[in-house]
Amino acid sequence: MTAFFPVLNFTFTVFLLGIPAWQPAVRFVRPTACGGEWALLHFTKADKFNPVLMPGKGVFMDPIRKTSVAWESKDVFNPAIIVRSGRIYMLYRAQDRIGQPEGTSRIGLAESTDGFHFIRHPAPVLYPDNDAEKKHEWEGGCEDPRVVEDEKGVYYMTYTAYDGHNARLLVATSPDLVHWIKHGPAFAKAYEGKYIDKWSKSGAIVSRYTGGKIIATRIHGKYWMYWGDQFIWAATSDNLTDWTPVEKGRGDTGPVVLKGQALSMPDLKIVVPTRNKKFDSDLVESGPPAMLTDKGILLIYNSKNLGTGGDAGLPAGAYAAGEVLLDKDDPTHLLQRLDHYFIHPDKPYEVAGQVDQVCFLEGLVNFHHQWFLYYGTADSKIAVATRPDD
C-alpha cells in the first residue's frame with residue numbers, strides 16, 4: 001500500500017472524517033490511498049513559534065526533599081491541553097536536574113490566549129508528595145498527562161507514576177486544573193489487583209471534542225480508555241477513576257507474538273499491535289484523548305521504529321505518529337489504520353535532545369476556529385502544529 005502523504009518539509013497531514021453534528025465543522029477529503037474517509041487534514045508545524053515551551057526557571061519548595069527545587073530546569077515535554085474560559089491550558093511534564101533516574105518529573109500548568117505564547121504558573125500543580133502515592137511516584141515522578149472532563153465539568157487526568165523501576169497509570173481529578181486530588185492506580189480494583197503492579201501508562205479516554213471541550217463519553221453505558229506503550233490495550237470504567245483492563249475472550253490468540261512488557265500480561269486483549277517493516281514496529285502508545293465520531297473512534301498514537309525490521313526510511317528508535325479508526329460499537333475492533341506515519345522528527349529540536357528523534361503527541365484541541373496539536377520534542381521541549389477549522 002502506497003504511503004499517501006509525503007513527510008518532506010514543515011508540513012504534516014492528519015485526517016479526520018465522520019464528525020457528528022456536535023463536532024466543529026471539518027472539511028472532508030478522501031485520501032488517495034488506504035481508503036476510507038475517517039480523518040482531519042492539513043496540519044502544519046508552527047515554525048514561527050516552535051518550540052512554544054522551553055525549560056523554565058521556576059522554583060518551588062519540594063515537600064519530600066524539604067528544599068527549593070528548580071523543578072522545570074532540565075526538560076519540558078508531553079503536554080495535555082484543555083480549553084477553559086476562553087484560554088488554552090497546558091498541563092506539561094517537567095523535569096529537574098537532581099532526581100533519579102533522569103530527573104524527577106512533575107506536572108506544570110501554563111496558559112495562553114492564542115495557543116502559541118504561554119504564561120507559566122510558578123509551581124507545579126501535581127507532583128510527588130508525602131501522600132499515599134509516594135511509593136508509586138518517588139522519585140521518578142508524575143509523567144505524561146492526558147486530561148478530559150465529564151458532563152459536570154470535573155477534570156480527569158490520567159498520568160504515569162514512575163518510582164524509578166515501574167510505571168503505573170494513575171488518575172487524579174480537579175475542578176479547576178490547579179487543585180488536584182489523587183485517586184491512585186487506575187487498575188487497583190480490577191481482577192483483585194491483578195494489574196496494579198504491571199507496567200501501565202498513557203491513558204487516552206474516549207471523548208467528544210465539542211465546542212473546544214473534550215468530554216468523556218459513555219459507549220453502551222461504559223467509559224472506554226486506550227492505554228499501553230508496548231501494544232495498545234483497552235479498559236472500561238463506570239466512574240472514570242476505577243478502570244478494568246479488557247482481557248481476551250476464549251479462543252483469542254492475539255494478532256502478534258508477545259514481547260517486552262506484554263509478556264507479563266498475556267491475558268490482555270491487544271487492540272492496536274505493532275507492525276513489521278513499518279514505523280510502528282517496536283512499540284505503539286496512545287496519544288491524545290481518543291475522539292468519538294459518527295464513523296468510529298479516532299485514536300492518534302505514538303510509535304517507535306526498530307533499527308532492524310522497521311521502516312528503513314526512519315532512524316532506529318525514532319518516534320513517529322499514526323492513526324487508527326476503531327468501531328464505536330465495539331471499541332476493541334480496529335476498522336482502519338494509516339499505512340504511513342503522518343508526523344516524524346525533522347526539526348533540530350525534534351532530532352536532538354534528552355532522547356533523540358522524538359515527536360510524541362499528547363494534546364489536541366479546537367480553539368479559535370483552529371485545531372491545535374501539541375507534542376513533546378526529543379523529550380526536551382514542546383511544539384505545536386495547527387490547521388484551520390473549515
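V83 meets the side chain to side chain contact (heavy atoms under 4.5 Å, CB included) test with I88, V365, F367; sequence neighbours excluded. With sequence neighbours left out, D267 forms a salt bridge (charged side-chain N to carboxylate O under 4.0 Å, His left out) with K194. Listed by chain and number, the residues in a ring pair (Phe, Tyr, Trp, His ring centres under 6.0 Å) with Y226 amount to none (sequence neighbours excluded). Considering only residues two or more places apart in sequence or on other chains, D242 meets the side chain to side chain contact (heavy atoms under 4.5 Å, CB included) condition with K189, N239. With sequence neighbours left out, the side chain to side chain contact (heavy atoms under 4.5 Å, CB included) criterion links V355 to V358, D379. With sequence neighbours left out, D238 forms a salt bridge (charged side-chain N to carboxylate O under 4.0 Å, His left out) with K222. Shown here are the salt bridge (charged side-chain N to carboxylate O under 4.0 Å, His left out) partners of D131, two or more places apart in sequence or in another chain: K182. Residues passing the side chain to side chain contact (heavy atoms under 4.5 Å, CB included) test with D150 are K152, V154, Y156, L240, sequence neighbours excluded. Residues meeting the ring pair (Phe, Tyr, Trp, His ring centres under 6.0 Å) test with W233, sequence neighbours left out: W227. Residues meeting the salt bridge (charged side-chain N to carboxylate O under 4.0 Å, His left out) test with D327, sequence neighbours left out: none.
Applying the side-chain hydrogen bond (donor to acceptor under 3.5 Å, both in side chains) test to every pair with at least one member in residues 303-322, sequence neighbours left out, gives these pairs: S281-N305.
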Kindly indicate, with the supporting measurements, whether the criterion ring pair (Phe, Tyr, Trp, His ring centres under 6.0 Å) is fulfilled by Y92 and Y374. CA-CA 10 Å; Y92 60 96; Y374 293 85; over 10 Å; no
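Judged purely by distance below 3.5 Å, without hydrogens or angles, the side chains of K74 and Q354 pair a donor atom with an acceptor atom. Remark: the Y155 side chain and the R84 side chain contain an N/O donor-acceptor pair separated by less than 3.5 Å. H121 and E111 are linked by a side-chain donor-acceptor pair at a separation below 3.5 angstrom, with hydrogens and angles left out of the test.
With a 6.0 Å radius and a threshold of 12 heavy atoms from other residues, nucleotides or ligands, H165 has its NE2 atom at or below the threshold.
When the options K134, Q100, R65 are evaluated for a side chain to side chain donor-acceptor pair (under 3.5 Å) with E139, the one that passes is R65.
How far CG of D282 is from OG1 of T274: 8.0 Å, rounded to the nearest 0.5 Å. Annotation: the span from L91 atom CG to R146 atom CZ amounts to 12.5 Å, rounded to 0.5 Å.
At a threshold of 4.5 Å between side-chain heavy atoms, the hydrophobic network of Ile, Leu, Val, Met, Phe, Trp and Tyr places I81 and Y375 in two separate groups.
Other residues sharing a hydrophobic cluster with W138 under the 4.5 Å side-chain heavy-atom criterion for ILVMFWY residues are I64.
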